[in-house]
Undergrad: 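Sharing a structure with you now.
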Number of protein chains: 2
Amino acid sequence: MRRIKMEDVARKVGVSAMTVSRALKHDGVVSAATRRRILQVVEELGYVPDQIAGSLSSQRSGFVAVLAPSLNNPPLAESVHALAESLEEVGLQILIGYTNYETKREERLLTELLQRRPEAIVVVSDGHSPRSRRLMREAGIPVVQIWDRPARPIDNVVGFSNEDVGSNIVRFLAERGYRRLAYLGETNDEGTRGARRRLGFVREVERLNLGPVRVHDQAPPPITMLQARAALPRMLQRWPDIDAIVCVSDPCAFGVLSEAQAMGVGVPSQLAIVGFGDFEISRCCSPPLTTVAIDSGRIGHETGQLLKDMLGRSPVAMSKRVSRRVAIDAILTPRGTTRS
Amino acid sequence: MRRIKMEDVARKVGVSAMTVSRALKHDGVVSAATRRRILQVVEELGYVPDQIAGSLSSQRSGFVAVLAPSLNNPPLAESVHALAESLEEVGLQILIGYTNYETKREERLLTELLQRRPEAIVVVSDGHSPRSRRLMREAGIPVVQIWDRPARPIDNVVGFSNEDVGSNIVRFLAERGYRRLAYLGETNDEGTRGARRRLGFVREVERLNLGPVRVHDQAPPPITMLQARAALPRMLQRWPDIDAIVCVSDPCAFGVLSEAQAMGVGVPSQLAIVGFGDFEISRCCSPPLTTVAIDSGRIGHETGQLLKDMLGRSPVAMSKRVSRRVAIDAILTPRGTTRS
DNA sequence: CCGATTGATGTTATCGATAACATAGCTTGA
DNA sequence: TCAAGCTATGTTATCGATAACATCAATCGG
């Protein structure tokens, strides 16, 4: 039993395949009566259009490629979800590649995804190899880096400066009288967003002359709650006098908080803890975590809107196109793990 | 500047396009020397094969469609991630659709995804409309339902019985002397997995004669930690004498735990709490949550393996193919929120 | 009342790769 | 020594839709 194709529908209705094609896209100029008959026959025969053939012919894949380290991170997952919903309105689908924070993998995924002829690339802005950057730049399609605001963007950006986030947290703590700060993050040499927050931390500690830079890299990203728990005793051993720990993420901060409570270290009386991401847990735990809130849904929506604008209009030559930057707020949100 | 195609490469090397095609797939029989020259020219010209054309010709899309409520749920995200990694080995990519727990959306997504001619469908086994079931059955490709073990499966299954999970928790609590149990879950009439755990709960409470059935449906899925916090006082007001709450998920259970601690309700002395999913939080909080551990990575891997088996072999007629069931363990894991 | 315009539909060529078959040169073994 | 088989490559047809152009009838305005 051969698969039904457009021509089968056309024959049964008594029109040409082209008319069926037009009836199935909403833009086609087909008489109401004809369209009705066509849709009915489509239903009867259970016809499913072959978008692969359609894409080849129209030279539009209907895909947007998304590169993310993983979607095990709820805020990231939410951005992608929101992006998918936004793009759905114009019939674009998402093709996800998981980089696992490895630039080598990102390269490989990129070459694979590009074979699908995506109409745009959205990439969570962790480190990119020169080759990846070249691939993206030469792909001839819009690129959007999200969740950071890189100094030398490839094309469009929807995000905030992770480095500034790191610095701002230090200033925030300094203003509240904390003096001996430490950073708990991930081992990584490939330029993740966490690494840039760490950089901001280090720079600001140095700028404010807050003494030695204390950075503890516990494990490769993402740091789990339990890894963070394990880190606290080691950090206290290395630097017994620290009065604040800046964590790479909320789960990490929650791990530190749990361990501190287990060890009888008072939070925030003896130790301040700051997280990042405004994960659900940060509002719900006790005391609630001081953190940095990012509107992850908005990142997805803005990215979707930006792409719809760029892909919708008449084909503007890439060379003439203007890259856009959408600033997303990163709001330092004092809660219970820092004193006022 | 036209995009480079296979024939451009072929011309430059001085062979036919077919030889280039063969050189680019590892299976082709091409002399080592020719292949080397071809790969070099491919690199020089920056040729990127067009998989859309390839798929149309070979009638193999290289896609597996995945339908999930959302990936904001880390265990689900992990299953999908593991599935993607498993399928990557054979060059299959994943096409995700987010149903948001709405069967109507699932239907729509299904019709859209089927136009991409996926080679298989993986679906998180929440409720499916009759139309969805028909679409899947008639698609002529393997279907895998995951994260549950439905009574009337569509085709293959990789999962565990959510209903049994609900029942087992009740028995577990009853054995430990708990008598007045309540269930905290989601408002839903479309047959989610959570609803089936609730069903198992209800059946077992009735079977064991544990008195009135206490079910509190707080909000549409997924229940957030804060919604769960808000639920506890209401539940205690409705049923002041309950001694255990079975929660639809770990985040939900964590919310209840937090609120109980805030209200001064002793856990597990006055109130037992059971979660589901073995989320990271359940190990890290204090006391750690009694929960049901699911090996979500394994679900992804097993699904990948199953699909590789089915898609790899010579084309077996769908009618002759045997549906498979892979059982995944759901391990009730006693921790600190229930007494022994 | 007729040329111009509009609306609905048909025809043909094409998108870029690959399946299937064809071929030419080379080896091999009885 | 030659038929049979093998290796490496070429040729042709095809996958299923859609863009672009063509056509034909109905409508309309002066």
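Here is how names work: the chains are called A, B, and so on, in the same order as the sequence lines, proteins then strands, and each is numbered from 1.
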Undergrad: Does any donor atom in the side chain of B:Lys104 or B:Ser129 lie under 3.5 Å from an acceptor atom in the other side chain?
TA: no
Undergrad: Does A:Arg22 make a side-chain donor-acceptor contact with the base of C:dG10, cut-off 3.5 Å?
TA: yes
Undergrad: Which whole-number value in Å describes the distance from B:Leu56 CG to D:dA17 P?
TA: 9 Å
Undergrad: Would A:Asn100 and A:Glu106 count as having a side-chain donor-acceptor pair, cut-off 3.5 Å?
TA: no
Undergrad: What integer distance in Å separates A:Lys25:NZ from D:dA17:P?
TA: 11 Å
Undergrad: Output the single nucleotide from C:dT18, C:dC15, C:dT11 whose closest atom is nearest the side chain of A:Ser57.
TA: C:dC15
Undergrad: By nearest atom, which of the nucleotides D:dA8, C:dG16, D:dG10 is closest to the B:Asp50 side chain?
TA: C:dG16
Undergrad: Specify the separation, in whole Å, of atom CD of B:Glu7 and atom P of C:dC15.
TA: 10 Å
Undergrad: Is the distance from OP1 or OP2 of C:dA17 to the nearest side-chain N or O of B:Ser58 less than 4.0 Å?
TA: no
Undergrad: Quick check: on DNA chain D, is the nucleotide nearest A:Ala17 upstream (toward 5') of the one nearest B:Thr19, or the reverse? Name the residue that is more 5'.
TA: B:Thr19
Undergrad: NA contact type, A:Ser16, heavy-atom cut-off 4.0 Å: base, sugar-phosphate, or nothing?
TA: base
Undergrad: I want to verify a distance call: between C:dA19, D:dA8, C:dT11, whose nearest atom is closest to the B:Ser31 side chain?
TA: D:dA8
Undergrad: Whole angstrom is fine here: how far is it from CE in B:Met18 over to C1' in D:dT11?
TA: 11 Å
Undergrad: Figure out the CD/C1' separation between B:Gln59 and D:dA13, and round it to whole Å.
TA: 14 Å
Undergrad: Starting at atom CZ of B:Arg3, determine the distance to atom P of C:dA17, rounded to an integer number of angstrom.
TA: 10 Å
Undergrad: Using a 4.0 Å heavy-atom cut-off across all strands, classify B:Ser55 as base, sugar-phosphate, or nothing.
TA: nothing
Undergrad: With a cut-off of less than 4.0 Å, is there a side-chain N or O of B:Thr34 near OP1 or OP2 of D:dA8?
TA: no
Undergrad: Distance check: side-chain N/O of A:Tyr47 vs OP1/OP2 of D:dA17, anything under 4.0 Å?
TA: yes
Undergrad: Is any side-chain N or O of B:Ser21 closer than 4.0 Å to OP1 or OP2 of C:dT18?
TA: yes
Undergrad: Would you check if there is a donor-acceptor pair between the side chains of B:Ser323 and B:Asp155 at a distance under 3.5 Å?
TA: yes
Undergrad: Given side chains that start at C-beta, do those of A:Thr111 and B:Val48 come closer than 4.5 Å, heavy atoms only?
TA: no
Undergrad: Under 3.5 Å, is there a donor on one side chain and an acceptor on the other for A:Arg117 and A:Gln59?
TA: no
Undergrad: Between P on D:dA19 and CE on A:Met6, what's the gap in Å once rounded to a whole number?
TA: 11 Å
Undergrad: Consider the side chain of A:Lys5, meaning its heavy atoms from C-beta on, and name the nucleotide among D:dA17, C:dG16, C:dG10 that approaches it most closely.
TA: D:dA17
Undergrad: May I have the distance from A:Gln51 (atom CD) to D:dG16 (atom P), rounded to whole angstrom?
TA: 15 Å
